[in-house]
Amino acid sequence: ATNKTIMLQVSADIDTAIAQLRAWLPQCQGRVHAIVQPSTATAAQVRTLDGRLTELERELGLPVGDLRLGIQFTDPAVVEQEAHAFEDRETQSMLRASRRVTWAYLNLPPGLPVEAEDDSSTTGYNYYHSLFIALTATSDVDAIDGPSPDASLAEELPVNEAIDLVRQL
C-alpha cells in the first residue's frame, strides 16, 4: 500500500472520460484515488461527471464517492465566471457543484500577461491567480498552481506506462 494520492487525468469529454476510466481503473487495482477533469467550464459539467462517476463506481464494485475530483481552470474568463457565481446565488459554482471536488488547478495559457503588482488598472496572471486562491479558500478546496505563465509542459506519459507505474506503487 502507498500513502500517495494517485490521480488520473481524463478527457474533457465526459463520455470519453468514463470510457477511459472503465478501461483504466480495473488495471490500476484500486490504487487510483482521484480523477482530474481538464478545462472545466461549468458547474453542470462537474455535476454530470459526478453522477457518471457514481454510476461507474457501482458498476466496478468500488465504494461510491471514493473517487475524488480535481478540476482545472484553463481560461481566465472561467475564473471570472466562478467569481460571479459566488456573488450571485442563482449561478452554481463549479467549486461547490460536487462534494467530490477536492482540488482545483490553475493552469492558465502560456503567454498570459503578467501585470505589475502595483498596477490595479489591468488584469493578467497575478489578478487571476489571486482571485483563484480566494475562490478555492472560500470553498474549502485545495488550490494547486499550474505552471508559470512562461512554462511549457512536457509530453504526457503513455497510458500503458502510467498504469505500470501505478501498479508498482
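All figures in this text were calculated on a predicted structure; none of them were measured in a lab.
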Restricting to side-chain hydrogen bond (donor to acceptor under 3.5 Å, both in side chains), what partner residues turn up for [X], sequence neighbours left out?
| X | answer |
| --- | --- |
| Arg47 | none |
| Asp13 | Thr16 |
| Asp15 | Arg52 |
| Thr123 | none |

query: Is there side-chain contact between Val64 and Arg58, with heavy atoms separated by less than 4.5 Å?
result: yes

Once rounded to the nearest 0.5 Å, what's the spacing between atom [atom1] of [X] and atom [atom2] of [Y]?
| X | Y | atom1 | atom2 | value |
| --- | --- | --- | --- | --- |
| Leu53 | Thr48 | CG | OG1 | 11.0 Å |
| Leu95 | Thr102 | CG | OG1 | 11.0 Å |
| Tyr128 | Leu108 | OH | CG | 8.5 Å |
| Glu87 | Glu82 | CD | CD | 11.0 Å |
| Tyr105 | Asp142 | OH | CG | 9.5 Å |
| Cys28 | Ile6 | SG | CD1 | 9.0 Å |

[X] side chain to [Y] backbone, donor-acceptor under 3.5 Å:
| X | Y | result |
| --- | --- | --- |
| Glu80 | Pro76 | no |
| Gln45 | Ala41 | yes |
| Glu115 | Tyr125 | yes |
| Gln9 | Gln37 | no |
| Asn107 | Gln72 | no |
| Ser139 | Thr136 | no |

- request: Can you spot which of Ile18, Leu21, Ile71 makes a side-chain contact (heavy atoms from CB on, under 4.5 Å) with Ile35?
  value: Leu21

- request: Please list, chain by chain and in numerical order, all residues satisfying side chain to side chain contact (heavy atoms under 4.5 Å, CB included) with Pro113, sequence neighbours excluded.
  value: none

field: Partner set under side chain to side chain contact (heavy atoms under 4.5 Å, CB included) for Leu60, not counting sequence neighbours
entry: Leu25, Pro26, Leu56, Leu62

query: Would Thr74 and Val78 satisfy side chain to side chain contact (heavy atoms under 4.5 Å, CB included), going step by step from the backbone distance to the final call?
result: CA-CA 8 Å; Thr74 58; Val78 175; over 6 Å; no

message: Minimum heavy-atom separation for Ser93 and Ala85, please, with both atom names.
response: CA-CB, 3.9 Å

task: Could you list all the salt bridge (Lys or Arg N to Asp or Glu O under 4.0 Å) pairs where at least one residue sits in residues 59-73, not counting sequence neighbours?
output: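 Passing the test, one end in residues 59-73: Arg22-Glu59.
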
query: What pairs of residues pass the salt bridge (Lys or Arg N to Asp or Glu O under 4.0 Å) test when at least one of them lies in residues 100-111, not counting sequence neighbours?
result: Asp50-Arg100, Glu57-Arg100

field: Worked verdict on Leu8 versus Gln20 for side chain to side chain contact (heavy atoms under 4.5 Å, CB included)
entry: CA-CA 10 Å; Leu8 293 178; Gln20 290 170 329; over 6 Å; no

- prompt: Is Ile133 linked to Val101 within one hydrophobic cluster, defined over Ile, Leu, Val, Met, Phe, Trp and Tyr using a side-chain heavy-atom separation of less than 4.5 Å?
  reply: yes

Verdict with supporting geometry, Ile144 and Leu106, side chain to side chain contact (heavy atoms under 4.5 Å, CB included): CA-CA 6 Å; Ile144 300 176; Leu106 184 64; over 6 Å; no

- request: Can you run down the ring-ring contact (aromatic ring centres under 6.0 Å, His included) pairs that involve residues 40-83, sequence neighbours left out, and say none if there aren't any?
  value: Phe73-Phe132

- prompt: What's the verdict on side chain to side chain contact (heavy atoms under 4.5 Å, CB included) for Trp24 and Val10, showing C-alpha distance, side-chain angles and the deciding distance?
  reply: CA-CA 10 Å; Trp24 298 343; Val10 295; 4.3 Å; yes

